[in-house]
Protein chains: 2
Amino acid sequence: MNVVDKLPSLQVMLKHLQKVPYLSSKNMYRVATHFLHMDRSQLEYFCQALLHAHDRLVPCPTCCAWQEKDAPCQFCQSAKRDQKTVCVVESWQDLLAIEKSGAFSGVYHVLGGVICPLDGIGPEHLSIEQLVKRASTIDEVIFATNQTPEGEATAAYIAHCLQQVPVRITCLACGVPVGSALEFLDRITVYKALAQRKEF
Amino acid sequence: MNVVDKLPSLQVMLKHLQKVPYLSSKNMYRVATHFLHMDRSQLEYFCQALLHAHDRLVPCPTCCAWQEKDAPCQFCQSAKRDQKTVCVVESWQDLLAIEKSGAFSGVYHVLGGVICPLDGIGPEHLSIEQLVKRASTIDEVIFATNQTPEGEATAAYIAHCLQQVPVRITCLACGVPVGSALEFLDRITVYKALAQRKEF
């Protein structure tokens, strides 16, 4: 009989921690120990913070980025941002990455994932319909889905959906990442960087 | 201004998640998104499980391994285990590793860390005093602290504390790990494996 089997309350906690993504099974035990060693009041604050955030944060009905309930969306309702240029990203984390670059002052559209039939995720599970609805008021749609087969397929699918809408469609440049050595790059990246070379 | 700055409830949640060990900052955002996408009831169960485990699990007063409150310790109170042989480990996770090996049927002593002056952890922060108290009723103490400078120093310190007690002190064998290739091993491991070679 396993050590953990004799500690039912620990077992229940581990079962819940198992569902948290990006926690390897080894780290899970360490995180469990961390929670057990915390002050009870600190652990209560932790739980309250999770539940409060869950209650307060909702996806913006237009762009699907997180916004505080009853507060204006910091993108869609901002006069400082170009409302005619929409950057399409897979997730809110990708939105953060674009925002950090400082190169974009338009608005976003968070898809909430990519089309992936193997995982049972079809276009109806993503916010593609909302994007098509918005598209008539937009000048340019920038695809910033990830450079994966699923990301590119999703971009292709959306481009198809937008066929009838008079909107400019662009995508991120593909090439050599800054700070990288050519010898360690995969051949497809080098191929694309060469094929899409530009004037120096 | 940062995107997250405009989402105060998210900011509070992230501040709490930051304190969870083994969550890199990139993964932290993904875990936050995971919690936001969960059903409210599921998130409540998660929090309840953490708090319940925190309330129910206490360190055994003898060996410092986790035990359910009011339940007998599965090691110290077990008639099936050799109460005269004590394996000294740094953490509860190390106890699990020894237990999984199936090679040990004695009892444990969980130190709760290692001596590390740089981190401000002295012998008084560990359960060394309890071990010394137990030692008079023990035949053998097996050191299973990690093969790190801190782990070995802690073992040496405990050995010093046990000097006056007539107890056999042993430590885990050090050598080539199973499944490893010699060419990729560090030289100290190879040195120790050679120095401590045994009859085939």
Side-chain angles (χ1 to χ4, degrees), chain A residues 1-4 6-17 19-24 26-38 40 42-59 65-69 71 74-75 91-93 95-96 99-100 112, chain B residues 1-4 6-17 19-24 26-38 40 42-59 65-69 71 74-75 91-93 95-96 99-100 112:
Chain A
M1 205 173 164
N2 192 296
V3 175
V4 177
K6 294 193 185 156
L7 303 167
S9 49
L10 183 71
Q11 228 179 348
V12 174
M13 173 157 85
L14 290 174
K15 215 183 254 176
H16 277 92
L17 284 176
K19 294 182 196 152
V20 176
Y22 313 104
L23 256 191
S24 69
K26 291 266 173 199
N27 284 348
M28 198 177 67
Y29 284 106
R30 293 174 169 188
V31 169
T33 309
H34 163 80
F35 285 131
L36 291 177
H37 280 299
M38 263 166 110
R40 162 92 198 193
Q42 282 299 315
L43 189 57
E44 277 169 24
Y45 289 142
F46 174 84
C47 292
Q48 277 163 16
L50 293 192
L51 290 166
H52 182 73
H54 193 278
D55 291 343
R56 290 285 308 151
L57 295 164
V58 289
W66 295 115
Q67 64 166 94
E68 293 273 334
K69 208 179 258 178
Q74 61 183 301
F75 304 112
S91 69
W92 185 76
Q93 295 97 280
L95 179 158
L96 289 183
E99 201 59 10
K100 264 188 220 156
Chain B
M1 203 173 165
N2 191 296
V3 175
V4 178
K6 292 191 185 157
L7 303 167
S9 50
L10 183 71
Q11 228 178 347
V12 174
M13 171 156 83
L14 290 173
K15 216 183 258 176
H16 277 91
L17 285 177
K19 292 182 198 152
V20 177
Y22 314 102
L23 255 191
S24 69
K26 290 267 172 197
N27 284 348
M28 197 178 67
Y29 284 107
R30 292 175 170 186
V31 170
T33 310
H34 163 80
F35 285 129
L36 291 176
H37 280 299
M38 263 166 111
R40 162 91 199 194
Q42 281 300 314
L43 189 57
E44 277 168 25
Y45 290 141
F46 175 82
C47 292
Q48 277 163 16
L50 292 192
L51 290 166
H52 182 71
H54 194 278
D55 291 343
R56 290 285 310 150
L57 294 164
V58 290
W66 295 114
Q67 65 166 94
E68 293 273 335
K69 208 180 259 178
Q74 60 183 302
F75 305 111
S91 68
W92 185 76
Q93 294 97 279
L95 179 158
L96 290 183
E99 202 57 11
K100 264 188 220 155

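This structure is a prediction, so every number in the text was calculated from the model and none was measured. Hydrogens, waters and symmetry mates play no part in the numbers below; they use all other heavy atoms, side chains included. Quick note on labels: first sequence line is chain A, next is B, and so on, each numbered from 1.
The shortest non-hydrogen separation linking Ala53(B) to Leu36(A) is O-CD2, 3.7 Å. Between Leu50(B) and Met13(A) the shortest heavy-atom distance is CD2-SD, 3.4 Å.
Both the backbone and the side chain of Trp66(B) come within less than 4.5 Å of a heavy atom in chain A. Of the atoms belonging to Pro8(B), heavy atoms from both backbone and side chain fall under 4.5 Å from chain A. Contacts of His54(A) with chain B are made by both backbone and side-chain atoms, with heavy-atom separations under 4.5 Å. At a 4.5 Å heavy-atom cutoff, the contact between Leu96(B) and chain A is made by side-chain atoms alone. In this structure, chain B has a heavy atom under 4.5 Å from the side chain of Gln93(A), while its backbone stays farther away. In this structure, the portions of Glu44(A) lying under 4.5 Å from any heavy atom of chain B include both its backbone and its side chain.
Side-chain contact check for Gln42(A) versus Lys19(B): some heavy-atom pair is nearer than 4.5 Å. Contact annotation: the side chain of Phe75(A) approaches that of Val3(B) to within less than 4.5 Å [non-hydrogen atoms, C-beta and beyond]. In this structure, Cys47(A) and Leu51(B) have side chains that are in contact, with non-hydrogen atoms separated by less than 4.5 Å. Using a 4.5 Å heavy-atom cutoff, the side chains of Leu7(B) and Gln74(A) are in contact. The closest side-chain heavy-atom distance from Asp55(A) to Arg40(B) is below 4.5 Å. Looking only at side-chain heavy atoms (C-beta outward), His34(A) and Pro21(B) come within less than 4.5 Å of each other.
Ring pair Phe46(B)/His16(A) is perpendicular by interplanar angle, where above 60° counts as perpendicular and below 30° as parallel.
Of the candidates Lys26(A), Arg30(A), Met28(A), Tyr22(B) forms a side chain to side chain contact (heavy atoms under 4.5 Å, CB included) with just one, namely Arg30(A).
Interface summary for chain A: among Leu17(B), Leu14(B), Leu95(B), Leu57(B), the most heavy-atom pairs under 4.5 angstrom belong to Leu57(B). The candidate with the highest count of non-hydrogen atom pairs below 4.5 Å against chain A, out of Thr33(B), Val31(B), Val12(B), is Thr33(B). Chain A forms the most heavy-atom pairs under 4.5 Å with one residue out of Lys100(B), Gln48(B), Lys15(B), His37(B), and that residue is His37(B).
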